[in-house]
Undergrad: 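Structure in structure tokens, see below.
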2 protein chains.
Amino acid sequence: MRELTRAEEQVMQVLWKLKKGFVKDILEHFDDPKPAYNTISTIVRILQDKGFVDHKAYGRTHEYYPLVSKDDYSKSHLSNFVNDYFSNSFGKMVSFFAKENHISVKEMEEIMKIMQNEVKKQKSKK
Amino acid sequence: MRELTRAEEQVMQVLWKLKKGFVKDILEHFDDPKPAYNTISTIVRILQDKGFVDHKAYGRTHEYYPLVSKDDYSKSHLSNFVNDYFSNSFGKMVSFFAKENHISVKEMEEIMKIMQNEVKKQKSKK
DNA sequence: AAGATATAACGAAAAAATTAGTTATGCAAC
DNA sequence: GTTGCATAACTAATTTTTTCGTTATATCTT
């Protein structure tokens with residue numbers, strides 16, 4: 001999956017939040033100084049060309065919605081990152097951030113609980 | 001920390017691997033079709049302006065080396081990502097990827113071991 | 001020293017991304 | 001129906017990024 005450019009990503013973040021919206025709606029969710037209406041309109045059409053969004057037409061006005069979910073894009077992006085920076089090992093990445101204290105004890109305990117569950121689930125499959 | 005552009009990132013990846021190198025060395029590590037010598041030379045000088053690398057001069061030739069480590073860039077990049085896609089919670093991110101089966105049982109067991117250790121370490125600090 | 005070679009610096013062309021003005025069209029208000 | 005307004009499409013300007021030709025300079029070879 002292609003990576004989003006900076007401007008494209010900002011628009012996608014808004015659409016992911018809104019679920020769907022007209023250019024006007026997207027624009028509203030930008031901080032001041034807001035870009036021009038046409039700027040958003042252009043970007044959203046580029047996103048459509050790239051297959052990240054589609055639209056439903058009401059007469060002449062278009063309601064845009066994501067084709068690629070935030071989860072799917074996350075997955076793709078983080079997979080690339082893990083591949084490029086942690087030789088494709090999620091384990092290495094998580095260990096690194098755990099050791100660097102970017103994950104709190106509380107978070108680690110939560111993660112371990114979830115993992116224990118997942119491990120159990122995976123093993124019982126066999 | 002500023003994000004690297006695509007071309008810049010490729011050069012940084014090589015420099016991180018080499019630890020240090022002349023433009024010629026960096027060029028060698030590119031796949032065919034290799035870019036022009038001057039392309040790399042320009043990018044590495046841009047990286048220098050941005051503070052990602054510096055160089056040691058041997059007469060007229062420059063040996064470049066990273067000022068920003070791969071680890072530091074990873075941290076910055078992933079922090080941004082976690083902030084934008086998982087409301088700044090590493091726990092949420094890791095849980096998501098654990099549930100999506102992007103982390104193998106073996107990896108999860110390793111991660112849990114490391115986390116148990118970290119948790120113990122953190123708690124004994126008090 | 002003269003010529004060849006390698007390199008960085010410079011400059012600029014080309015490509016990609018961003019921003020927004022202009023235009024055309026449809027709908028709404030009157 | 002005419003006017004005004006909102007919108008998408010189109011176009012273009014600007015900025016950023018990427019690429020590389022040209023030039024100047026230092027070093028090496030002879």
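To find a chain, count down the sequence lines: A is the first, B the second, and so on, and within it residues start at 1.
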Undergrad: At under 4.0 Å between heavy atoms, which parts of nucleotides 24-30 of chain D does protein reach? Answer with one letter per nucleotide, 5' to 3': B base, S sugar-phosphate only, - none.
TA: BBS----

Undergrad: Between K70(A) and Y85(B), is NZ or CZ placed under 6.0 angstrom from the six-membered ring centre and within 45° of the ring axis?
TA: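 Pair K70(A)/Y85(B) counts as cation-pi.
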
Undergrad: I'd like to know whether K123(A) forms a salt bridge (charged side-chain N to carboxylate O under 4.0 Å, His left out) with E109(B), so could you lay out the CA-CA distance, the side-chain angles of the two residues, the decisive distance to 0.1 Å, and finally the verdict.
TA: CA-CA 12 Å; K123(A) 288 192 168 166; E109(B) 283 169 343; 2.9 Å; yes

Undergrad: When rounded to the nearest 0.5 angstrom, what distance separates OG1 in T61(B) from NZ in K56(B)?
TA: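 Output value for this atom pair is 11.0 Å.
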
Undergrad: Measure the spacing between NZ of K92(B) and CZ of F97(B) and express it to the nearest 0.5 Å.
TA: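 With rounding to 0.5 Å, NZ (K92(B)) is 14.5 Å from CZ (F97(B)).
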
Undergrad: Are the aromatic ring centres of F86(A) and F96(A) under 6.0 angstrom apart?
TA: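 Yes, they do, as the ring centres are separated by less than 6.0 Å.
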
Undergrad: Salt bridge or not between K50(B) and E8(B)? Use side-chain N to carboxylate O under 4.0 Å.
TA: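 Looking at K50(B) and E8(B), the cut-off is met.
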
Undergrad: What string of B, S and - do you get for nucleotides 10-21 of chain D, 5' to 3', when a contact is any protein heavy atom under 4.0 Å?
TA: B------SBBBB

Undergrad: For the pair made of NE2 in H62(B) and C1' in dC10(C), what is the distance, rounded to whole Å?
TA: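 So the two atoms are 14 Å apart, to the nearest Å.
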
Undergrad: Which class fits the ring pair H62(A) and H55(A): parallel under 30°, tilted 30 to 60°, perpendicular over 60°?
TA: parallel

Undergrad: Taking NZ, NE, NH1 and NH2 as the nitrogens, is one of them in E110(B) or K113(B) under 4.0 Å from a carboxylate oxygen of the other?
TA: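 Salt bridge between E110(B) and K113(B), a charged N being under 4.0 Å from a carboxylate O: no.
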
Undergrad: Any salt bridge between K17(B) and E28(B), counting N to O under 4.0 Å?
TA: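 Salt bridge absent between K17(B) and E28(B).
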
Undergrad: Could you identify which residues of residues 17-30 of chain A place a heavy atom less than 4.0 Å from some atom of DNA chain C, listed by residue number, or say none?
TA: none

Undergrad: Under 4.0 Å between a Lys/Arg side-chain N and an Asp/Glu carboxylate O for K99(B) and E118(A)?
TA: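 Salt bridge flag = no for E118(A) with K99(B).
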
